Protein chains: 2
Amino acid sequence: MLTIGTLSKKTGTKVQTIRYYEQIGLMPEPGRTEGGQRRYDNAQLDRLSFIRHSRQLGFSLDAIRELLDLSDHPNRPCHEADAIARRQLKQVEQRMARLKALRTELKRMVHECSGGRTGDCKVLEVLRDHSECLTEHEEIGA
Amino acid sequence: MLTIGTLSKKTGTKVQTIRYYEQIGLMPEPGRTEGGQRRYDNAQLDRLSFIRHSRQLGFSLDAIRELLDLSDHPNRPCHEADAIARRQLKQVEQRMARLKALRTELKRMVHECSGGRTGDCKVLEVLRDHSECLTEHEEIGA
DNA sequence: GATACATCCTCTAGCCGCTAGAGGTTCAAG
DNA sequence: CTTGAACCTCTAGCGGCTAGAGGATGTATC
């Protein structure tokens, strides 16, 4: 049986985060000692590893909830899991495309800065005037 | 003089967001009508455009605060603005590198899914077992 | 058995950058 | 003078944690 601290170290998850996952129902309520401290078993270690690994791959907690559910039912068809992963892949690709455009613009800004006064600074000038940009980059979130 | 709604449309910023920027001191307090409604001038329109454009390029509100401050003092040397932009560029490049690794992994997962039962699903298998991954992808945030 | 002290507990509040909604007021057109 | 769109303030919520207060427990050592 593992304490929350041990689980924390083994999975690289902060103690508070583990408790948070329990609170939102992503991790099950573990057993407790007489004094009320949490004790975990290996199934729970595996579950947390799954969650963490999924987070590292960028899945949202909601997506992970679905994936865990699928993982808990090995006889269901797996196209749903596949769909979730494809969705995630698509998102990653969209974000990459956006970042690529941003990088281009930032590089140009930085290269053109001649190191004089802020009044003539190309960086600030570009920020002031979107029409100096080569690309559109409308979306802000994500 | 512009109403907040007009300013909103001109800059593509939601009304609440404009008020939020005022609240956190990023936008100055505008003039008011007798009845208490906000009225903006062109300087404020420019400022908001600057903010929005910077956001589109991924700058944090804190970074934008610095940039605005620099922009307000045209006689200072501009290496600070340059440094902020370089920092931002670096961040973008790091995020791109991370996303690239994620994309590789996700692609592999999706390609290897044979469409059977979840019990044999490659997607779920990879999530269960990090050692099946080709790349490390440790960081979660950002 | 006492003591020390690391780890655990719950609870609340905060981070970023907004966004939504309730409930009420003002402005401008007709 | 009435309508109704747009405005006002205020509070609370999103995701995904993170930090800290203030107190209880567990384990190793004497």
Side-chain angles (χ1 to χ4, degrees), chain A residues 1-27 29-40 44 48 50-68 87-88 91 95 98 137-142, chain B residues 1-27 29-40 44 48 50-68 88 91 95 98 138-142:
Chain A
M1 294 300 256
L2 313 163
T3 66
I4 198 168
T6 313
L7 191 64
S8 163
K9 264 163 222 151
K10 283 202 182 224
T11 59
T13 315
K14 300 212 170 175
V15 166
Q16 276 102 323
T17 305
I18 299 173
R19 291 200 278 246
Y20 169 72
Y21 288 162
E22 181 184 329
Q23 198 185 301
I24 61 167
L26 207 56
M27 285 292 285
E29 290 190 20
R32 300 266 185 161
T33 62
E34 293 211 346
Q37 298 196 355
R38 292 169 178 80
R39 289 298 118 99
Y40 296 90
Q44 284 158 335
L48 185 54
F50 185 105
I51 294 171
R52 281 277 108 180
H53 192 203
S54 304
R55 286 292 297 134
Q56 284 167 359
L57 286 165
F59 290 93
S60 72
L61 294 184
D62 267 357
I64 294 171
R65 218 183 281 272
E66 292 182 68
L67 290 167
L68 280 168
R87 214 200 300 149
Q88 177 63 18
Q91 269 181 32
R95 278 202 276 162
R98 273 197 1 96
H137 33 76
E138 290 309 321
E139 304 164 58
I140 278 189
Chain B
M1 295 301 256
L2 312 163
T3 67
I4 198 169
T6 313
L7 190 64
S8 165
K9 263 164 224 151
K10 283 203 184 225
T11 59
T13 314
K14 300 210 173 177
V15 167
Q16 277 102 322
T17 305
I18 299 173
R19 291 200 277 245
Y20 169 72
Y21 287 162
E22 181 184 329
Q23 197 185 303
I24 61 167
L26 208 56
M27 285 290 287
E29 291 190 20
R32 300 267 186 161
T33 61
E34 293 211 344
Q37 299 197 351
R38 291 168 178 81
R39 289 298 119 100
Y40 295 90
Q44 284 158 335
L48 185 53
F50 186 104
I51 294 171
R52 282 276 109 182
H53 193 202
S54 304
R55 286 294 296 135
Q56 284 167 358
L57 287 165
F59 290 93
S60 71
L61 294 184
D62 266 359
I64 294 171
R65 218 183 280 273
E66 292 182 69
L67 290 167
L68 279 167
Q88 178 63 18
Q91 269 181 32
R95 278 203 277 162
R98 274 196 3 97
E138 291 308 320
E139 303 163 61
I140 279 188

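Proteins come first, then strands; the chains are lettered A, B, ... in the order of their sequence lines, and each starts at number 1. Just so it is clear, the structure is predicted and the values come from calculations on it, not from any experiment.
Phosphate proximity of dC18(C) to Arg19(B): absent, as no side-chain N or O sits under 4.0 Å from OP1 or OP2. Here Thr33(B) does not reach the OP1 or OP2 of dT26(C): none of its side-chain N or O atoms lies under 4.0 Å away. For dG17(C), the OP1/OP2 oxygens have no side-chain nitrogen or oxygen of Thr17(B) closer than 4.0 Å. A sub-4.0 Å separation between OP1 or OP2 of dC17(D) and a side-chain N or O of Tyr21(A) is present. In terms of phosphate contacts, Lys14(A) brings a side-chain nitrogen or oxygen within less than 4.0 Å of OP1 or OP2 of dA19(D). An OP1 or OP2 oxygen of dT25(C) is reached within less than 4.0 angstrom by no side-chain nitrogen or oxygen of Arg32(B).
The CG-C1' distance, from Leu2(A) to dC8(C), rounds to 15 Å in whole Å. Atom-to-atom, CD1 of Ile51(A) to C1' of dC17(D) comes out at 14 Å; the value is rounded to the nearest Å. In this structure, Met1(B) atom CE and dC7(D) atom P are separated by 14 Å, rounded to whole Å. Rounded to a whole Å, the CD atom of Gln16(B) is 13 Å from the C1' atom of dG13(D). Protein atom NZ of Lys9(A) is 12 Å distant from nucleotide atom P of dA6(C), rounded to whole Å. The CD1 atom of Ile24(A) sits 13 Å away from the P atom of dT18(D) (whole-angstrom rounding). In this structure, Ile18(B) places its CD1 atom 12 Å from P of dC18(C), rounding to the nearest Å. As rounded to whole Å, 14 Å separates atom C1' of dT25(C) from atom CZ of Arg38(B).
At least one side-chain heavy atom of Tyr40(B) sits under 4.5 Å from a side-chain heavy atom of Ile18(B). Two residues are said to be in side-chain contact when any heavy atoms from C-beta on lie closer than 4.5 Å; Lys10(B) and Leu48(B) fail this criterion. Proximity of Thr3(B) to Arg38(B): side-chain heavy atoms (C-beta onward) are nowhere separated by under 4.5 Å. Taking the side chain as every heavy atom from C-beta outward, Leu61(A) and Tyr20(A) approach each other to under 4.5 Å. Two residues are said to be in side-chain contact when any heavy atoms from C-beta on lie closer than 4.5 Å; Ile51(A) and Met27(A) meet this criterion.
Distance from the side chain of Gln37(B) is smallest for dC7(D) among the nucleotides dG17(C), dT18(D), dC7(D).
Both Tyr20(A) and Arg39(A) sit near DNA chain D, but only Tyr20(A) has its closest nucleotide nearer the 5' end. Both Ser60(B) and Gly35(A) sit near DNA chain C, but only Gly35(A) has its closest nucleotide nearer the 5' end.
Among the atoms of the strands shown, none is found under 4.0 Å from any heavy atom of Arg65(A).
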